[in-house]
Amino acid sequence: MDEQPRLMHSHGVGMAGHPGLAQHMQDGTAGTDGEGRKQDIGDILQQIMTITDQSLDEAQARKHALNCHRMKPALFNVLCEIKEKTVLSIRGAQEEEPPDPQLMRLDNMLLAEGVAGPEKGGGSAAAAAAAAATGGIGADNSAEHSDYRAKLSQIRQIYHTELEKYEQACNEFTTHVMNLLREQSRTRPISPKEIERMVSIIHRKFSSIQMQLKQSTCEAVMILRSRFLDARRKRRNFNKQATEILNEYFYSHLSNPYPSEEAKEELAKKCSITVSQVSNWFGNKRIRYKKNIGKFQEEANMYAARTAVSATSVSAHGSQANSPSTPNSADRRTR
DNA sequence: TTCCATGATTGCCC
DNA sequence: GGGCAATCATGGAA
């Protein structure tokens with residue numbers, strides 16, 4: 001046994017101190033059998049070192065012979081062990097990475113926008129939020145909304161197609177590499193653990209490509225969203241009918257032009273606008289009326305007359321052309 | 001192009 | 001949180 005280190009070093013492969021092979025060599029071996037196995041290892045190493053000097057056919061034959069050699073599994077284990085303790089241990093330290101926060105952000109955003117995950121009923125949270133915030137204006141709004149949804153759905157479709165492609169390519173490549181490494185592990189010291197590690201390296205590479213896809217998808221959604229919001233931000237006058245309905249309510253409740261939530265909802269429905277738009281309209285109207293009652297007097301009279309005609313109780317809407325009371329008035333307290 | 005009307009936003013108050 | 005007041009920004013008529 002004291003010859004072993006010298007023997008190993010003489011072939012340029014330092015194996016001293018590796019219990020695997022030593023153990024294998026010692027198992028049930030003593031005396032001449034141990035010597036014989038040392039010789040075997042020496043032979044194998046010699047053959048491996050000279051294999052590149054031979055012709056292809058000779059090398060193939062030699063490879064086959066080496067594969068069948070009785071000491072091959074032991075040598076394989078030791079070489080794997082050496083590899084494990086050197087190069088792979090360095091790599092191993094780099095593998096334990098926390099989940100990428102950037103990737104998490106992208107995932108969350110794609111999920112929130114309805115691009116990733118289950119498809120939300122034909123639209124996205126963004127579209128709904130944008131519509132709620134800026135208000136709908138009848139058919140125009142629906143048209144723009146559906147346009148937004150269509151574009152978002154297009155982005156979603158492209159994203160999923162690309163993602164599928166990447167996953168397929170990743171799986172194909174992984175299988176290919178695994179087969180290659182398994183094949184090579186017959187002649188090279190490649191342990192299952194190393195194959196596993198290689199698979200995770202491949203997956204990391206592919207996930208970085210996926211991240212680029214996610215990033216560009218997010219950018220596309222942001223551009224679409226900003227365009228949509230910009231379009232919605234453009235002020236549009238309410239249609240004539242909506243203005244009439246709002247004015248009618250305002251002048252017929254001039255003593256207390258503060259519609260309740262229910263009334264606002266009703267008006268919003270009638271005018272095909274949002275409740276917040278109704279609130280804005282009444283806020284603006286109250287102020288502008290108060291600032292210039294004279295200017296609005298004619299309008300007030302017109303609506304008062306109209307209401308008087310249509311209403312069954314004319315007296316209820318008699319002389320109401322007063323300045324709007326403040327929200328602190330008694331009427332408001334009842335709301 | 002200008003000017004007014006008007007819907008939306010913002011900051012403050014209660 | 002709702003309302004007021006000031007202001008912004010845009011539509012549309014002249």
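A, B, ... follow the sequence lines: proteins, then strands. Residue 1 opens every chain.
To the nearest 0.5 Å, atom CD of residue Q184(A) and atom CG of residue L180(A) are 4.5 Å apart.
Across dG2(C), dG7(B), dC4(C), the shortest atom-to-atom separation from the side chain of E261(A) is found for dG2(C). The side chain of K291(A) sits closest to dA6(C) out of dA6(C), dG3(C), dA8(B). Candidate nucleotides dA8(B), dG7(B), dA5(C) were compared by shortest atom distance to the side chain of T243(A), and dG7(B) ranks first. Among dA5(C), dG3(C), dA6(C), the nucleotide with an atom closest to any side-chain atom of N284(A) is dA6(C).
Side-chain contact between I273(A) and L267(A) is absent, with no heavy-atom pair separated by less than 4.5 Å.
Side-chain atoms of R288(A) come within donor-acceptor range of the base of dG7(B), with a qualifying N/O pair under 3.5 Å. Taking only distance into account, the side chain of N237(A) never meets the base of dA5(B) through a donor-acceptor pair shorter than 3.5 Å.
For the pair K285(A) and dT6(B), the criterion of a side-chain N or O lying under 4.0 Å from OP1 or OP2 is not met.
If you take CD1 of I287(A) and P of dG2(C), they are 16 Å apart, rounded to a whole angstrom. Per the geometry, CG belonging to L267(A) stands 14 Å off P belonging to dG7(B), to the nearest Å. Counting to the nearest Å, the P atom of dG1(C) and the CG atom of N280(A) are 17 Å from each other. Atom CG in N247(A) sits about 14 Å away from atom C1' in dG7(B), given to the nearest Å. For the pair R236(A) CZ and dT6(B) C1', the interatomic distance rounds to 15 Å; values are reported in whole Å. Across the protein-nucleic acid pair, E265(A) atom CD and dG2(C) atom C1' stand 15 Å apart, rounded to whole Å. Here dT6(B) presents its P atom at 14 Å from CD1 of I273(A), a figure rounded to the nearest Å.
Salt-bridge check for E299(A) with K285(A): passed, with a basic side-chain N closer than 4.0 Å to an acidic carboxylate O.
For Y289(A) and F250(A), the distance between ring centers is under 6.0 angstrom.
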